[in-house]
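Below: one structure, written as structure tokens.
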Amino acid sequence: MARLRIKDILKSSPTEQVITVKGWVRTFRNNSFIALNDGSTNNNLQVVVDFTNTDESILKRITTGAAISATGALLASLGKGQTVELKASSIEIIGDSDAEKYPLQPKKHSLEFLREIAHLRFRTNTFGAVFRVRNTLAFAIHQFFNEKGFLYIHTPIITSSDAEGAGEMFRVTNFDIANPPKDEQGQIDYKQDFFGKSTNLTVSGQLEGELAAMAFSDIYTFGPTFRAENSNTTRHLAEFWMIEPEMAFNDLTDNMNLAEEMLQYVMKVALEKNKEDIEFLSQRLEEEEKQKPQNERSELSLLDKLNFCLENKFERITYTQAIEILRESNHNKKKKFQYLIDKWGVDLQSEHERYLVEKHFKKPVILTDYPKEIKSFYMRQNDDGKTVAAMDILFPGIGEIVGGSQREERLEHLETRMAENGIPAEELSWYLDTRRFGSCPHAGFGLGFERLVLFVTGMTNIRDVIPFPRSPKNCEF
RNA sequence: UCCUUCUUAGCUCAGCUGGUUAGAGCACAUGACUGUUAAUCAUGGGGUCCCUGGUUCGAGCCCAGGAGAGGGAGCCA
């Protein structure tokens, strides 16, 4: 008999038809009622066992975590809490779960504990919801770009370029690390390494993406990215997924429009497709908020926050305007910032970003036209000679979720900026070729996928929105 | 990497001024009950008090060093 998914069964009406379901036992109450889950939804199917006619040895094996198959008639439920239930005529134990050793209990566990058993945390309501939402968001991103005619390009994971300036890199080698070959100067001789040169894991697909955009016009990458930074925060991972579109013949405004449209598109899809999961997460968050003191509680629920971001345009201001707002704020005048804003040119700290987003505008903010000194070499210089056509999108609770820019398409300007940043031109001659042959204005951005998942699920630690987090001193599984 | 808080049963946590045999709830086991919703009730088993060293007649508690975790900062997506 074909296996039906619990999500579909719960939506159907009690047909009294005999069906088979397979899943894992969440709880077994009263020797009669199995809450069965198969991961298709957070809601469980109630399977009713007639314990007077079921073998004692089978009943004993219906334990939390066990995989079972149940066959029986789908009936209207006699109890409250569900409309249909399965009256089991036969129960088969597919995989036992020793109740004494199984770490998950039918109770609330801390996220820290579940992080230690990440291989089992998929089986909880919270992580079930989080990873179903993550799946929807990933698919929606592809759908969005596909509908817009963007080409999905696979940029390399192993790269020989170490000039992207996006952070510390993980080295890739097949040398015997205890005894690597040396050259005449006693330096490690990478000519003898697998690729015949020094190689690393990518920190960004942007530069390669730009190459493709110079032929296909509109492209995007969506893949894993690696940073060997010693970052211990709730917003950083050593291995994360990034979406990086790149568009030829586009300027900074086009870039902002696309980013905003994309974020709203995927949030809308998630709210539609994973309504129940997001409602669950929203409720979970509200209960967690009740533990906090009144003044630390957020004004909006997760659902309200998402809907608000869907319905309202993001605020767009320049760096210079932001500095003005911050400098004139009471917060600054009363010296409540740890880093006080005094002069133009300083980099914004997260306390300043949070103030703009959470206190001043109370909505997502796009900051543009930063001083060139605090931004990357490839960003296009504005006519004022001081700023570059950069944009960061700041989200409440997350901070920077998108970082992008219009790229410097003028060869001489780019070469000057590279020289100023100490990047040798021969390292990136392939990149400079795009400016030598048919250069054109173009723009793009990077979106940290896990930060998006954080925002949409309302989770607060990035390690809880990726199945197997990699961070300093942690690489389990 | 810096600041800060924490580490006691499978989980979440109490543990007084340093004092004798370290507790609770949940989980688990056994039994009762049998239309339950994290069922309920009764009984029971379960401890390297993170590690190492020190102070003390005596350390879960005090001191030093180390490890791990949480939160914040920096770097960023």
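Labels below follow one simple rule: chain letters A, B, ... track the order of the sequence lines, proteins then strands, and each chain is numbered from 1. In this text the structure is predicted, and so the values were computed from the model without any measurement.
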* To do: Using the closest heavy atom to pick a nucleotide of RNA chain B for each, name whichever of E100(A) or G403(A) lands nearer the 5' end.
  => E100(A)
* Asked: How about E210(A) and Q206(A): does a side-chain donor come under 3.5 Å of a side-chain acceptor?
  -> yes
* When the aromatic ring centroids of F222(A) and Y152(A) are compared, is their separation below 6.0 Å? -> no
* Asked: Hey, are R354(A) and E351(A) close enough for a salt bridge, meaning a charged N less than 4.0 Å from a carboxylate O?
  -> no
* So does Q349(A) reach the base of G74(B) with its side chain, donor to acceptor, closer than 3.5 Å? -> no
* Structure fact -> Between CG of N43(A) and C1' of U37(B) the distance, given in whole Å, is 13 Å
* To do: Identify whether any heavy atom of T233(A) sits under 4.0 Å from a base atom; if not, whether one sits that close to sugar-phosphate; answer base, sugar-phosphate or nothing.
  => base
* In the strands shown, is A38(B) matched to any nucleotide by a Watson-Crick or G-U wobble pair with both distances under 3.5 Å, and which? -> none
* Structure fact -> What residues 461-469 of chain A contributes to the RNA chain B interface at heavy-atom separation below 4.0 Å is N461(A), R463(A)
* Touch class at under 4.0 angstrom, heavy-atom based, for G79(A) against every strand present -> base
* Where along residues 356-371 of chain A does a heavy atom come under 4.0 Å from RNA chain B, residue by residue in number order? -> none
* To do: Remember a base hit wins even if backbone is also touched, and classify F51(A) as base, sugar-phosphate or nothing at under 4.0 Å, heavy atoms.
  => base
* Asked: Does K375(A) come within less than 4.0 Å of D392(A), counting only side-chain N to carboxylate O?
  -> yes
* Give me the one residue out of I141(A), L310(A), V456(A), L452(A) that meets side-chain contact (heavy atoms from CB on, under 4.5 Å) with L263(A). => L452(A)
* **Identified pairing partner of A67(B), criterion: Watson-Crick or G-U wobble below 3.5 Å** => U7(B)
* Structure fact -> Partner of G44(B) under the Watson-Crick or G-U wobble criteria, both distances under 3.5 Å, comes out as C28(B)
* N/O (side chain, T234(A)) to phosphate O (OP1/OP2, G72(B)) under 4.0 Å -> yes
* What is the distance, rounded to the nearest whole Å, between atom CE of M459(A) and atom C1' of G71(B)? -> 16 Å
* Asked: Within the structure shown, what part of the strands sits under 4.0 Å from E112(A) by heavy-atom distance: base, sugar-phosphate, or nothing?
  -> sugar-phosphate
* **Pair partner, A77(B) [Watson-Crick or wobble, under 3.5 Å]** => none
* To do: In sequence, state the C-alpha distance, the side-chain angles, and the governing distance for F395(A) and F308(A), and then conclude on ring pair (Phe, Tyr, Trp, His ring centres under 6.0 Å).
  => CA-CA 12 Å; F395(A) 263 35; F308(A) 180 83; over 10 Å; no
* Asked: Is F240(A) stacked on the base of A77(B), meaning ring centres closer than 5.5 Å and planes within 30 degrees of each other?
  -> yes
